[in-house]
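Chain A is the first sequence line, chain B the second, and so forth, proteins listed ahead of strands; every chain is numbered from 1.
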Number of protein chains: 2
Amino acid sequence: MGRHREFDVEKALDAALCVFWRKGYEGASYADLTEAAGVERPALYSAFGNKEALFRKALARYYERYVDYIPAALQLPTAREVAAHALQGAIDLTTRYPDHTGCLAIQGVLAGSDEAEPVRQALIEARAEGEAQLRERFERAKAEGDLPETARPDTLAAFLMAVLHGMAVQAKAGFSRDTLEAVAEQALATWPAGKGEGA
Amino acid sequence: MGRHREFDVEKALDAALCVFWRKGYEGASYADLTEAAGVERPALYSAFGNKEALFRKALARYYERYVDYIPAALQLPTAREVAAHALQGAIDLTTRYPDHTGCLAIQGVLAGSDEAEPVRQALIEARAEGEAQLRERFERAKAEGDLPETARPDTLAAFLMAVLHGMAVQAKAGFSRDTLEAVAEQALATWPAGKGEGA
DNA sequence: GCGGTTTAATAACGATCATTATGAAATTGA
DNA sequence: TCAATTTCATAATGATCGTTATTAAACCGC
């Protein structure tokens, strides 16, 4: 019963995702979002709720559709491969699209007006969850002898995340893929070796 | 001739600097700035120009007053000491003040509305200049035998900057000083050794 | 075709944005 | 003391912010 929706909700969400990716949460105005989605303002509100709700839906889609290299990395056999795959995945993601470089999930973490604080907290939590998954994976690796007894899984996870974040900043500053790959290689140079791995 | 200025321009700039540090360029409103400075709007305009000019002056002060650990690091005798001092300086800076963590110069790099593009470019250039200084220092270190022949100064500079940026993000996410120091230690673990330095 | 219901489009809402016009207060030189 | 000049505080500018009334159009079951 009632009139049918004339626009594709999925496409509208994709369009909003791209705008948020380029401009961040606060930098993206509702005018930007509706223009990119090709949809009038009230239609976006009825489909997604307000701007914050739209951003949260876009963020969820971003993680499941673009940050899928993290869960993929977690399943690799060794801690070193996990780290290498995560680094490579981040490089791909942050340099693949010339018109929206960097990482959507990092754009809004750093600063903003007071009213954006809930969104910033959500981004911080999402970041922490990714780090926790890496830490747990490295704890397992340590238990399996894949990392030495002296290794500290929490430090390795924090270090890896720091490099990932730093590369996201550099991607936004226009770094080439080659440069980022050299950075990743340098980051991996320190990786502690487990039993059966060369030094 | 004429009436005397009743507020301290230096103090007003310091106050604006702190606001920008907490909220970034776009997140800081002129109302925030005038309130922090204890000065009415037209007074700030007459003293500094518009918001962008005020931010640029605050940024310059930030570098000369708070990022002084970079020029200090550059004068240390070995490349490893340069890197270690830069990392420690960044940790101090990004965690020293509980009410404005992270790095002012990174807050605005990532994203924002179109009208903030000139500011973002200025931040990107400042970032690039810091990296260039590190690269030149590491080239000298290589020439002095302080870094091995296989070392790549550009990669080391990019890597070090990536870790610095990543730690700035993590500081904004509430990381403790201890955690960041563990990250820095891990980053230094990959550092190539020069002649006369143990492996 | 007709009520009931959902969406679409236009236009407006109050709030806040950065910026500035205006006129009173204060200081200097004459 | 008076004219010139600079800063002060109040208040207003037009623009844009996110969010909604409001009304017309399209669909369903009857």
Side-chain angles (χ1 to χ4, degrees), chain A residues 1-13 15-20 22-59 107-108 111-122, chain B residues 1-13 15-17 19-20 22-59 107-108 111-120 122:
Chain A
M1 178 88 94
R3 183 170 172 175
H4 298 325
R5 189 169 262 144
E6 292 184 358
F7 69 95
D8 188 334
V9 178
E10 301 302 311
K11 285 188 195 296
L13 183 55
L17 167 54
C18 282
V19 174
F20 282 131
R22 263 187 292 125
K23 304 193 172 187
Y25 173 65
E26 288 198 303
S29 73
Y30 225 89
D32 294 332
L33 297 166
T34 54
E35 184 186 7
V39 162
E40 297 301 322
R41 299 160 105 89
L44 264 193
Y45 275 94
S46 78
F48 301 103
N50 65 6
K51 186 184 176 185
E52 179 174 338
L54 174 57
F55 179 80
R56 290 179 185 271
K57 289 194 175 70
L59 181 64
Q107 318 282 41
S113 74
D114 291 337
E115 74 176 16
E117 185 61 28
V119 168
R120 199 153 48 251
Q121 285 303 321
Chain B
M1 176 92 93
R3 185 170 172 175
H4 297 125
R5 187 169 266 144
E6 292 183 357
F7 69 95
D8 188 332
V9 178
E10 302 301 310
K11 285 187 194 299
L13 184 54
L17 167 54
V19 174
F20 283 130
R22 264 188 292 122
K23 304 192 171 188
Y25 173 65
E26 288 198 302
S29 73
Y30 225 89
D32 294 330
L33 296 166
T34 54
E35 184 186 7
V39 163
E40 297 301 323
R41 301 162 104 89
L44 265 193
Y45 275 95
S46 80
F48 301 103
N50 65 6
K51 187 183 175 185
E52 178 174 338
L54 174 56
F55 179 80
R56 289 178 186 271
K57 288 194 174 71
L59 181 64
Q107 317 281 43
S113 74
D114 290 338
E115 74 177 16
E117 185 61 28
V119 169
R120 199 153 49 251

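Per the geometry, CD belonging to Glu40(B) stands 6 Å off C1' belonging to dA9(D), to the nearest Å. The distance from atom CZ of Phe7(A) to atom P of dA25(D) is 20 Å, rounded to the nearest whole Å. In this structure, the CD atom of Glu26(A) is 11 Å from the P atom of dA18(C), given to the nearest Å. Look at CG on Asp114(B): it is 10 Å from P on dC17(D), rounded to the nearest Å. One can place CG of Leu33(A) at 10 Å from P of dT19(D), the figure rounded to the nearest angstrom. We find that CG of Leu44(B) is positioned 15 Å from P of dT10(D), with the value rounded to whole Å. Here dC17(D) presents its P atom at 11 Å from OH of Tyr45(A), a figure rounded to the nearest Å. Atom CD of Glu6(A) is separated from atom P of dA24(D) by 18 Å (rounded to the nearest Å).
Heavy atoms only, all atoms of each residue included: Ala111(A) and Gly24(B) are closest at CB-N, 3.6 Å. The two atoms that bring Leu33(B) and Ala28(B) nearest to each other are CD2-CB, 4.5 Å, heavy atoms only. In terms of heavy atoms, Asp32(B) sits closest to Gly27(B) at OD2-O, 3.8 Å.
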Under the criterion side-chain contact (heavy atoms from CB on, under 4.5 Å), I'd like the reasoning laid out for Ser29(A) against Lys23(A): C-alpha separation, chi angles, the key distance, then a yes or no. CA-CA 9 Å; Ser29(A) 73; Lys23(A) 304 193 172 187; over 6 Å; no
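When each of Val39(B) and Lys51(A) is assigned the nucleotide of DNA chain D with its nearest heavy atom, Val39(B) is the one assigned upstream, toward the 5' end. Residue Ser46(A) is the one, among Ser46(A) and Tyr25(B), whose nearest nucleotide of DNA chain C lies closer to the 5' end (criterion: closest heavy atom).
Candidate nucleotides dA9(D), dA8(C), dT19(D) were compared by shortest atom distance to the side chain of Arg41(A), and dT19(D) ranks first. Listed candidates were dT20(C), dC17(D), dC8(D). Nearest to the side chain of Ala31(A) is dC17(D).
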Could you go through nucleotides 2-6 of chain C and list every protein N or O atom that sits under 3.5 Å from one of its N or O atoms, giving the distance for each pair?
residue, atom, partner, partner atom, Å
dT6(C), O2, Arg3(A), N, 3.1

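Checking side-chain atoms of Glu26(A) against main-chain N and O of Ser113(A) turns up a donor-acceptor pair under 3.5 Å.
Residue Asn50(B) has no polar side-chain atom (N or O) positioned under 4.0 Å from OP1 or OP2 of dA18(C).
Classified by interplanar angle (parallel below 30°, tilted 30° to 60°, perpendicular above 60°), the ring pair Phe55(B)/Phe20(B) is perpendicular.
Note on Ala28(B): only backbone sugar-phosphate atoms sit closer than 4.0 angstrom, heavy atoms only; bases stay farther off.
Between Lys51(B) and Leu44(B) there is no side-chain heavy-atom pair separated by less than 4.5 Å.
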